[in-house]
Amino acid sequence: LNGSYAMYVAGISGNPQGPVIIRNNEIRDQYFRGLYLERLDNSLVHGNTITNDYPSAQNNFISVEGSNLSKVDFTANQIFGNRGSHAMDLRINATAGNPALIANNFIHKGGSNESYGLRLTSSSHVNVYHNNIHITSTNDQSRAFFASAGNNLNVVNNNFVNIGPGYAFFTSTANNIVNSDHNNLFAPAGITGRIGTANYLTLEDWQQTTGFDFNSLSVDPMFTSETDLHVNQIALKGAGTFVGVTVDFDGEQRNTTTP
């Protein structure tokens, strides 16, 4: 509760450490960072609730920041708040044989700052599956999902929702995305996607030009609330594809045919 950092965990320079398990914590109202991780490998961040509505939080407050990570998985975390900038800001360099997993997270960012739900910077071999991200920031540069550089990113079965004037999906280059499909990209007052400097206003524009998301949708997921991101939209039932994630945010078994 409060303070500059809730948790700061760093391995040795040039020698990522692990396993480290950060599980089932409540982290609330820090000034600068909620959870900061650096130089970790074979580690897990799971089931944590991280919130920030601290009036004195810096504008560049980040809920979860990770730098120089190797195989670190982020699963079933709930991150929300209206202060600061990004919910998850990660730099992960995993391998093809042991990719990192970001899955089953509920993320909400509001307020008026430029805010990203999930930001991946120069990251490689990361699977982004089954995340529900809800942006209500009024800043037109806010993004539900943002990838800058990197390679071998798989982006499947996510709800990327930006109710404000920003973006659902933003990547600096198409070359970092191996596969993006079976997502719900919903930005009714903003822009569905952007690659580099090119905007794609609608899902149809995005599909036809980029070759991504041919099995994706653009519908209101009807989240239970601003921060309770359980989906109530019948059109999304069975709209995913099985990617090996066998349980959902609540720990319940997924249907392997219609996950």
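- Looking at every heavy atom in both residues, G166 comes nearest to A187 through O-CB, 4.4 Å.
- Between the side chain of N162 and the backbone N or O of S142 there is at least one donor-acceptor pair closer than 3.5 Å.
- Side chain of N157 to backbone of G240: no donor-acceptor contact under 3.5 angstrom is found.
- Note that CZ of R28 is 13.5 Å distant from OG of S63, once rounded to the nearest 0.5 Å.
- Using a 4.5 Å heavy-atom cutoff, the side chains of I177 and I195 are not in contact.
- Cluster partners of F249, by chain and number: F106, V161, I163, F186, L217, V219, F223, L229, V231, L236. The rule joins Ile, Leu, Val, Met, Phe, Trp and Tyr whenever side-chain heavy atoms lie under 4.5 Å apart.
- Nearest heavy atoms, A94 versus S70: CB-O, 4.0 Å.
- Placement of F212 and Y167 in two distinct hydrophobic clusters is found when ILVMFWY residues are connected by side-chain heavy-atom separations under 4.5 Å, directly or transitively.
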Which atom pairs, one a donor and one an acceptor, fall under 3.5 Å between side chains of residues 6-13 and the rest of the protein, sequence neighbours left out?
none

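- Judged by distance alone, the side chain of S137 and the main-chain N or O of I135 form no donor-acceptor pair under 3.5 Å.
- Residues T95 and H125 bring no donor and acceptor atom of their side chains to less than 3.5 Å of each other.
- Residues N82 and H108 meet the side-chain proximity criterion, which asks for heavy atoms closer than 4.5 Å.
- Across all their heavy atoms, L90 and M88 have their closest contact at CD1-CE, 3.9 Å.
- Between the side chain of T192 and the backbone N or O of L201, at least one donor-acceptor pair lies under 3.5 Å.
- Contact annotation: the side chain of R91 never approaches that of E65 to less than 4.5 Å [non-hydrogen atoms, C-beta and beyond].
- Look at D248 and R254 and you find no salt bridge, because none of the NZ, NE, NH1 or NH2 atoms lies under 4.0 Å from a carboxylate O.
- Nearest heavy atoms, G117 versus A87: O-CB, 3.2 Å.
- The closest donor-acceptor contact from the side chain of D181 to the backbone of N215 lies under 3.5 Å.
- Between the side chain of N158 and the main chain of N131, a donor-acceptor pair closer than 3.5 Å is present.
- A 4.5 Å side-chain heavy-atom check between P188 and D220 finds every atom pair outside the cut-off.
- Residues F74 and I92 form a side-chain contact, since some pair of their non-hydrogen atoms from C-beta on lies under 4.5 Å apart.
- Between atom NE2 of residue H134 and atom CG of residue N159 there is a gap of 10.5 Å, rounded to the nearest 0.5 Å.
- In this structure, V72 and V20 have side chains that are not in contact, with every pair of non-hydrogen atoms separated by 4.5 Å or more.
- Using a distance-only test at 3.5 Å, with no hydrogens or angles considered, a donor-acceptor pair links the side chain of N183 to the main chain of V155.
- One distance of note links CD of E204 with CG of D213; it measures 11.5 Å at 0.5 Å rounding.
- Using bins of under 30°, 30° to 60° and over 60° for the plane-to-plane angle, the ring pair F145/F160 lands in the parallel bin.
- Separation of atoms OH (Y36) and CD (Q30) is listed at 15.5 Å; rounding is to 0.5 Å.
- Under the 4.5 Å side-chain heavy-atom criterion for grouping Ile, Leu, Val, Met, Phe, Trp and Tyr, I50 is not connected to F80 through any hydrophobic cluster.
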Derivation and outcome, side chain to side chain contact (heavy atoms under 4.5 Å, CB included), residues L153 and V128: CA-CA 7 Å; L153 306 179; V128 181; 5.8 Å; no

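- Under the salt bridge (Lys or Arg N to Asp or Glu O under 4.0 Å) rule, D89 has a single partner from R33, K109, R119, which is R119.
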Evaluate the side chain to side chain contact (heavy atoms under 4.5 Å, CB included) criterion for residues I27 and V64: first the C-alpha distance (whole Å), next the side-chain angles of each, then the deciding distance (0.1 Å), finally the verdict. CA-CA 10 Å; I27 295 171; V64 180; over 6 Å; no

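- Aromatic ring pairs are classed by plane angle as parallel below 30°, tilted from 30° to 60° and perpendicular above 60°; the pair H86 and Y116 is parallel.
- The heavy-atom pair separating A239 from A235 by the smallest distance is CB-O, 4.1 Å.
- Although no hydrogens or angles enter the test, the distance criterion places no donor-acceptor pair under 3.5 Å between the side chain of S216 and the main chain of F214.
- Between F146 and F170, the ring planes lie perpendicular to each other; the angle is over 60°, past the 30° to 60° tilted range.
- A donor-acceptor distance shorter than 3.5 angstrom exists from the side chain of N105 to the backbone of A103, with no hydrogens or angles considered.
- Counting only N and O atoms by type, the side chains of T173 and N176 include no donor and acceptor under 3.5 Å apart.
- Other cluster members for Y129: L101, V156, V243, V245, joined by side-chain heavy-atom distances under 4.5 Å among Ile, Leu, Val, Met, Phe, Trp and Tyr.
- Residues L120 and V126 are in side-chain contact: their nearest non-hydrogen atoms beyond the backbone lie under 4.5 Å apart.
- Atom OG1 of T241 is separated from atom CG of N179 by 9.0 Å, given to the nearest 0.5 angstrom.
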Would you sort out whether N48 and I22 count as a side chain to side chain contact (heavy atoms under 4.5 Å, CB included), showing the intermediate values? CA-CA 8 Å; N48 302 282; I22 301 171; 3.9 Å; yes

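- Without hydrogens or angle criteria, N139 side chain to Q141 main chain gives a donor-acceptor distance under 3.5 Å.
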Mind running side chain to side chain contact (heavy atoms under 4.5 Å, CB included) on R39 and N15 for me, showing each step along the way? CA-CA 7 Å; R39 299 186 298 270; N15 184 23; over 6 Å; no

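- Distance CG/L118 to CD1/I107: 5.5 Å, rounded to 0.5 Å.
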